Amino acid sequence: SRMAYVRPLVAEGRISPARAIWELQQALPASTAFTVDSGEHTLQVELQFGAESRHDRFAVPGQADQRRRIDSARVAWLGQWQEAWQLQAHLRHDRSSDFGSATTGLLALGYAIAPGWKASASLSSGFSAPSFTERAFDADPGTPLRAEHSRQAELALHWQEGEASARAALFVQRQRDRIQFDPVTFDATNIARARNHGLEVMAQRPLPVGTLSGEWTLQDPRNADDDTPLLRRARQSLALGWHGRVDGEANGRGGGRRAQ
């Protein structure tokens, strides 16, 4: 999948199993909704608010503990106009004790073009601080890893009928200081500029014995400075899954040519 902002901790098993990770998270969600009806037009609005504080500690025998605190606040505005138009606006501010502050957001617009069909467009930004595991494998400890910053634009077409649905999306991504892990050298490094664009198609259909789902992604993830493919990012990927309604579950995944 091309969703780039959550990175698997591919090096997790290289840290001593005696490590300890302690996390405390407190969330304060709240929301309010109201409707404005002028007789001819109806506007439905929902406002959401949230705040959280997260404290992490990472310990490896023989080394000093590493600690991090992240305080976050977020607000979202969800609106619907005359059934056909939908608008979302999200704003989030994170303050990290070791990587400073960042404000990110999302703006999305949807339009119901026909019964069961909807078109949408969105712009978003992201922020991701290096994990403790990535910092442990920093290729140059003298120059600490920097946090990732990203931007994304997307155009999508959605279809839904009952429990069956499908979605196709064209996307463009730009990343600054992308964190890349090399599974050969076990080094984590920053890539000054990375880019990606492509097509993502997802679908699911209920069956008498469960639900069949699939996801296909065609993309071109590259280092924008030297135009080389990003490590361990498949240009094509296919995932198939089946989820039984009682207790059966099966999943399959395939990948196309991968940049080595």
Side-chain angles (χ1 to χ4, degrees), residues 1-15 58 66 68 70 90 92-94 96 98-108 121-156 167-202 215-239 253-260:
S1 174
R2 50 96 176 183
M3 309 308 283
Y5 305 145
V6 178
R7 298 180 306 280
L9 299 181
V10 293
E12 188 72 27
R14 299 287 169 175
I15 296 292
F58 184 82
Q66 298 183 56
R68 174 185 296 170
I70 301 177
H90 299 254
R92 179 186 179 100
H93 182 78
D94 294 285
S96 171
D98 49 1
F99 287 96
S101 300
T103 300
T104 56
L106 176 143
L107 183 64
S122 66
L123 297 171
S124 63
S125 59
F127 167 80
S128 179
S131 68
F132 287 126
T133 303
E134 289 166 332
R135 293 173 67 177
F137 286 89
D138 191 346
D140 184 6
T143 305
L145 289 173
R146 298 179 297 277
E148 280 187 7
H149 295 265
S150 55
R151 292 175 295 160
Q152 176 169 303
E154 179 183 276
L155 292 174
R167 180 179 187 272
L170 294 170
F171 63 90
V172 177
Q173 296 174 332
R174 296 290 184 269
Q175 291 175 289
R176 175 165 53 89
D177 292 327
R178 172 184 170 81
I179 299 174
Q180 176 171 271
F181 180 79
D182 189 330
V184 177
T185 62
F186 295 102
D187 286 338
T189 57
N190 281 115
I191 296 178
R193 296 186 305 134
R195 66 173 186 268
N196 191 14
H197 67 275
L199 169 68
E200 185 176 66
V201 179
M202 297 180 289
E215 177 180 337
W216 175 64
T217 303
L218 178 65
Q219 60 184 355
D220 187 24
R222 289 185 171 274
N223 184 324
D225 289 329
D226 56 17
D227 199 35
T228 57
L230 294 178
L231 296 176
R232 312 303 295 173
R233 294 292 305 278
R235 291 175 59 87
Q236 299 182 54
S237 65
L238 175 66
R253 181 175 293 272
R257 183 168 61 86
R258 183 183 292 273
Q260 301 294 330

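Remember, it's a predicted structure, so these values are computed and weren't measured experimentally.
- Using modelled atom types, no side-chain atom of Asp98 and backbone atom of Arg68 make a donor-acceptor pair closer than 3.5 Å.
- In terms of heavy-atom proximity, Arg233 sits nearest to Arg178 at NH1-NH2, 3.2 Å.
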After noting the C-alpha distance and the side-chain angles of Asn196 and Phe171, does the key distance pass the side chain to side chain contact (heavy atoms under 4.5 Å, CB included) rule?
CA-CA 8 Å; Asn196 191 14; Phe171 63 90; 3.8 Å; yes
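- Looking at Gln173, its side chain never comes within 3.5 Å of a backbone N or O of Ser150 through a donor-acceptor pair.
- Between the side chain of Asn190 and the backbone N or O of Ala192 there is no donor-acceptor pair closer than 3.5 Å.
- Atom OG1 of Thr228 sits about 4.5 Å away from atom CG of Asn223, to the nearest 0.5 Å.
- Gln219 places a side-chain N or O within donor-acceptor distance of the main-chain N or O of Ala234, the cut-off being under 3.5 Å.
- Taking 4.5 Å as the limit, some side-chain heavy atom of Pro130 sits within range of a side-chain heavy atom of Phe99.
- No side-chain donor-acceptor contact under 3.5 Å links Asp187 and Thr189.
- Rounding to the nearest 0.5 angstrom, the gap separating the CG atom in Leu231 from the CG atom in Asp182 is 5.5 Å.
- Taking the six-membered ring where tryptophan is involved, the planes of Phe186 and Phe137 are tilted, since the angle between them lies from 30° to 60°.
- Taking all atoms of both residues into account, the shortest heavy-atom contact from Ala147 to Ala129 is CB-CA, 4.0 Å.
- Considering CG of Leu230 and CZ of Arg235, their distance stands at 11.0 Å, rounded to 0.5 Å.
- At distances below 3.5 Å, not a single donor-acceptor pair connects side-chain atoms of Asp177 with backbone N or O atoms of Arg146.
- Interatomic distance, Thr133 OG1 to Phe181 CZ, rounded to the nearest 0.5 Å: 9.5 Å.
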Decide side chain to side chain contact (heavy atoms under 4.5 Å, CB included) for Glu200 and Arg167; before the verdict, give the C-alpha distance in whole Å, the side-chain angles of both, and the deciding distance to 0.1 Å.
CA-CA 8 Å; Glu200 185 176 66; Arg167 180 179 187 272; 4.0 Å; yes
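- Taken from CG in Leu106 to CZ in Arg92, the straight-line distance is 13.0 Å, to the nearest 0.5 Å.
- Of the possible donor and acceptor atoms, one in the side chain of Ser125 sits under 3.5 Å from a partner among the backbone N and O of Gly105.
- Put simply, CD on Gln175 and CZ on Arg151 are 11.0 Å apart, with the number rounded to the nearest 0.5 Å.
- Under the salt bridge (charged side-chain N to carboxylate O under 4.0 Å, His left out) rule, Arg195 has a single partner from Asp225, Asp220, Asp226, Asp227, which is Asp227.
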